[in-house]
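Below is one structure, written out as structure tokens; comments come after it.
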Amino acid sequence: MPKKRSGGGLTTTQQAAKFLGVAALSGAVLAGIALPAAGALGLAAKGTVEGFDEIPSNLKTPPLSQRTTILDNEGGAIATVYSRDRTVVPLKDISPYMQDAIVAIEDSRFYEHGAVDLKGILRAMNRNVQAGGAAEGASTLTQQYVKNVFVEEAGDDPDKVAEATQQTLGRKVRELKYAIQVEEELGKKKILENYLNITFFGQQAYGVEAASQRYFSKHAKDLKLEEAAMLAGLVQSPTRYDPVNDKEEAAKRRNTVLQRMAAVGDISQDEAAKAIAAPIELKVKKPKNGCITAVSGSGFFCDYVRQTILTDPAFGKTEEERSKLWNLGGLTVKTTLSPRAQEAANEAATSKVNKDDKVAASVVQVEPGSGKILSMGQSRPYGLDQKQHETVLNLAVSNKMGGSTFGFQVGSTFKPITAAAALEKGISPAQTFDTEWKTSLPLNTYKTCAGGPAGGGDWSVQNELESEKGSFDMTSALGKSINTYFAMLEQKAGLCETLTMAKKVGYQRGNGKPLTENPSITLGTTESTPLAMASAYAAFANRGMFCTPIAIESITDANGRKLKVPASDCSRAMSENTADTINQMLKGVVEDGTGTQAGLTDRDNAGKTGTTENRVDAWFVGYTPNLSTAVWVGADIGKKVPMYDINIGGQYYDKVCGGCLPGPIWKTAMTGALSASETPSFNPISVPRAKPAEDKAKDKGKGRDRDDDKGGDEDPIGGITFPPGVIGGNDGGTRGGNGP
């Protein structure tokens with residue numbers, strides 16, 4: 001192996017080899033790059049391209065990765081997101097000082113030579129051989145631009161980046177060939193514009209506009225001489241000359257640029273001297289990137305927007321196409337987020353549950369009739385710092401969209417869906433069932449959609465209190481959340497009909513799998529999400545029309561072109577009469593039923609409480625004619641937390657109930673979101689009731705949330721252990737049937 005000379009220079013052998021390599025390259029240039037696709041230089045080997053004589057169209061107008069801006073429905077910025085912080089600007093919006101500075105220091109003969117500067121190559125070759133190393137480069141501005149295009153295309157793929165920057169003769173010849181063709185196609189001014197928009201200036205800033213904002217908090221068109229010179233000096237080595245970390249080194253490099261500008265006649269010696277004497281004065285603007293920077297706790301909504309673009313076929317047929325669109329950026333995304341509703345949801349989610357509690361709260365709001373998601377709030381802040389109790393898990397949505405694996409059991413909040421299925425079948429709200437506080441029902445009396453039995457054996461169901469027995473009609477059963485009534489109502493209405501209604505109102509499992517044909521679904525044992533529940537109840541508010549939830553109103557790309565966005569799909573889930581009847585019955589829940597603590601006093605409102613086995617999930621889902629809100633409280637990570645004898649939000653609860661914790665959260669969210677809204681009323685309708693004498697149940701717990709209350713220290717099951725879902729919150733489970 002040849003040895004280096006003292007001082008680290010090249011040996012005579014190495015100098016000769018370098019000379020021959022550059023000479024060969026110069027010969028190629030002199031020949032106009034008239035080279036075969038394969039030959040002595042190995043141009044068909046890895047590191048070259050096929051179709052050597054054809055210039056890729058993206059070299060003319062490369063799609064540059066830029067920042068995406070996400071806006072609320074009033075046009076206010078929620079967050080900016082980018083893989084490359086870049087804002088493309090035309091040459092007229094770049095300071096003439098900046099244009100002169102970059103040309104002077106990187107390629108002072110830019111306007112005199114073609115794509116390849118033969119004088120520069122020969123001069124560099126001579127100096128490098130004399131210096132025994134790489135003392136001077138020879139790439140023109142156009143060649144640098146071509147190289148940057150390939151690096152940009154490589155993105156964050158390390159293998160592709162290495163291929164785009166490898167030091168091989170084949171790659172260099174390819175670069176030269178394209179540089180010649182780019183000059184012919186674009187011309188000097190456009191090349192300079194593209195170069196200034198693609199180049200990396202350090203501190204995560206790509207392109208001169210982003211760099212100007214990062215270091216000086218101003219537009220590129222407003223750069224002063226000394227500022228432009230500093231930025232131009234960064235291109236050679238953004239790390240070494242970084243003014244944020246080493247002002248002295250940055251000043252030396254800036255002064256070199258200024259001296260060069262004076263030498264080539266761009267500025268006078270006096271101008272250069274004055275600029276050299278000026279200290280570097282930075283006004284650094286820290287980069288704000290990603291949903292972690294979203295305002296008013298809207299990081300989870302921001303991430304939902306990202307997930308929508310990455311998963312919806314409207315934005316590309318394949319995952320790769322959608323990912324490319326998102327990473328390329330340059331989008332302006334106007335969303336459905338209401339700033340007023342988001343502030344209210346964020347305040348509500350954090351008002352009763354602290355970020356470091358064992359459990360978390362989720363609040364999501366949907367506009368009836370449009371499907372627009374107006375807010376998403378959580379008690380834990382959006383972020384990656386677990387020590388600060390941050391999370392990126394969106395508790396309001398499905399696993400596919402960034403939520404939990406399965407979602408959460410919804411408890412008694414499912415019962416209105418069963419009631420709607422019964423009404424659609426022609427069953428009167430005055431339908432009564434006489435029941436003891438617990439009962440057993442044959443599973444073979446529940447039929448699947450294929451017509452077969454739902455299982456064998458009996459299904460054991462019980463109510464919360466032993467006193468909850470007697471005769472109930474649909475209105476009283478909803479108000480008191482009577483499990484046995486709804487098990488019997490589902491039996492009469494039909495399991496398949498109940499499942500069909502659930503699908504019509506958008507009830508979905510959190511894991512995306514089909515609903516299981518199990519009778520226990522009427523008691524909320526099948527997991528779903530807060531967003532699905534808010535959307536389902538919005539169908540009641542919208543007089544039976546269900547609209548799929550949407551988060552995006554419009555998108556324009558970097559060129560101002562509008563992209564097609566998914567629209568809400570609205571369909572009739574039930575008749576207007578059915579929805580009106582449900583609305584009137586659920587008004588009773590907030591007026592004198594289990595949800596009295598949540599009721600609004602200034603407008604028509606309706607809702608339903610729900611808890612699950614051992615109170616590990618607590619819900620309140622409710623609505624007005626113009627807003628539907630779902631609130632969930634429970635453990636978001638690790639094991640489920642039974643919410644007995646627990647401190648949440650600094651308040652002690654002997655047992656959490658749907659009306660006493662999610663209910664007040666719901667009220668706060670609704671009050672804030674609707675503070676300046678109209679107060680429409682539900683369509684008035686007379687709901688048939690059973691005769692008062694037929695209702696023999698004793699209401700010993702009036703004013704309490706009987707949907708959740710076990711009645712003090714009373715043990716209604718005598719120490720007997722039942723399978724999960726059988727007891728707790730009137731959301732009894734299954735026995736002898738399929739699992740949820």
| field | Residue pairs, two or more places apart or on separate chains, that pass disulfide (SG to SG under 2.5 Å) and touch residues 398-428 | value | none
| N647 and Y653 side chains, donor-acceptor separation under 3.5 Å | no
| message | I'd like to know whether NZ of K640 has more than 12 heavy-atom contacts from other residues, nucleotides or ligands below 6.0 angstrom. | response | yes
| task | Would you kindly say whether Y652 and D645 are connected by a side-chain donor-acceptor distance under 3.5 Å? | result | yes
| request: Indicate whether any N or O donor in one side chain lies under 3.5 Å from an N or O acceptor in the other, for S471 and D434. | output: yes
| said: Would the distance check show the side chain of T578 and the main-chain N or O of M574 forming a donor-acceptor pair, the cut-off being under 3.5 Å? | reply: no
| Pair S677, R340: side-chain N/O donor-acceptor within cut-off below 3.5 Å | yes
| request: Would you please say whether a donor-acceptor pair under 3.5 Å links the side chains of T624 and N626? | output: yes
| request: For S481 and S412, test the side chains for any donor-to-acceptor distance below 3.5 angstrom and give the result as yes or no. | output: yes
| Does a side chain donor of either Q491 or T445 reach within less than 3.5 Å of an acceptor in the other side chain? | yes
| said: Assess, by modelled atom type and distance only, whether the side chains of T612 and D617 contain a donor and an acceptor separated by less than 3.5 Å. | reply: yes
| Using the ring of each side chain (for Trp, its six-membered ring), is W459 parallel, tilted or perpendicular to Y446, with breaks at 30° and 60°? | perpendicular
| Take atom CZ in F406; do more than 12 heavy atoms of anything else shown fall under 6.0 Å from it? | no
| said: Set out, in order, the CA-CA distance, both residues' side-chain angles and the distance that settles side-chain hydrogen bond (donor to acceptor under 3.5 Å, both in side chains) for K415 and T522, then state yes or no. | reply: CA-CA 6 Å; K415 289 172 180 173; T522 192; over 6 Å; no
| query | Taking atom types as modelled, is there a side-chain donor on N683 or D580 under 3.5 Å from an acceptor on the other? | reply | yes
| field | Residue pair Q365 / T629, side-chain donor-acceptor N/O under 3.5 Å | value | yes
| query | Is it true that the side chains of E424 and S575 contain a donor and an acceptor less than 3.5 Å apart? | reply | yes
